[in-house]
Amino acid sequence: MAGKIFRIVCYVALAVVAGSIVALAAATAFGGCTQSGESVACTSSLAQHAANGANMVLLTTVFTGLPMLLALGGVFFLARAGIRSVLQR
């Protein structure tokens, strides 16, 4: 039971970190955002909020390390499930 909960937490962390990377890249590419250091400046309000949220998640991930470790656990569990599904065929 605890293993399943840990696996779900790792998958959620992976989704949040990957989603933040995608959101920041999309805001930079399509929202007219520029990033200088820790701040992001965008032309639209929606892109500004998305970029600020994604930047906050990524900075927390880099400086604390815990979300990164959980996301790496999600990558491990995802790879293991993929290998198991290929081997069962």
Side-chain angles (χ1 to χ4, degrees):
M1 183 66 166
K4 282 187 178 184
I5 293 172
F6 180 67
R7 190 176 330 140
I8 290 170
V9 168
C10 287
Y11 283 144
V12 169
L14 177 61
V16 168
V17 171
S20 295
I21 292 169
V22 169
L24 192 57
T28 302
F30 304 117
C33 298
T34 57
Q35 185 172 6
S36 62
E38 295 179 3
S39 65
V40 179
C42 298
T43 55
S44 74
S45 174
L46 179 63
Q48 181 71 41
H49 289 297
N52 283 340
N55 199 25
M56 181 176 59
V57 168
L58 292 176
L59 287 174
T60 302
T61 299
V62 168
F63 287 123
T64 64
L66 182 62
M68 182 60 71
L69 289 175
L70 291 173
L72 288 174
V75 169
F76 170 76
F77 289 128
L78 192 63
R80 189 175 76 172
I83 290 171
R84 281 187 179 174
S85 70
V86 167
L87 291 178
Q88 288 180 354
R89 288 184 184 184

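Computed from a predicted model, the values in this text were never measured in an experiment.
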Using distance only, find each side-chain donor-acceptor pair of residues 56-65 under 3.5 Å and give its atom names and separation, not counting sequence neighbours.
unit_1: T60; atom_1: OG1; unit_2: M56; atom_2: O; d: 2.8
unit_1: T61; atom_1: OG1; unit_2: V57; atom_2: O; d: 2.8
unit_1: T64; atom_1: OG1; unit_2: T60; atom_2: O; d: 2.6

* Asked: Which residue pairs pass the disulfide (SG to SG under 2.5 Å) test with at least one member in residues 59-89, sequence neighbours excluded?
  ->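 For residues 59-89: none.
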Distance-only donor-acceptor hits, side chain of residues 8-21, under 3.5 Å, sequence neighbours excluded:
unit_1: Y11; atom_1: OH; unit_2: F77; atom_2: O; d: 3.4
unit_1: S20; atom_1: OG; unit_2: V16; atom_2: O; d: 2.9

* **For L72, the rest of its hydrophobic cluster, which grows through side-chain links under 4.5 angstrom** =>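 For the cluster that includes L72, the remaining residues are M68.
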* **side chain to side chain contact (heavy atoms under 4.5 Å, CB included) against A27, all qualifying residues, sequence neighbours excluded** =>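 Partners of A27 by the side chain to side chain contact (heavy atoms under 4.5 Å, CB included) criterion, ordered by chain and then number, come out as C33, A51.
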* Check the hydrophobic clustering (I, L, V, M, F, W, Y; side-chain heavy atoms under 4.5 Å; chains of links allowed) and say if L24 and V22 are grouped together. =>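 No.
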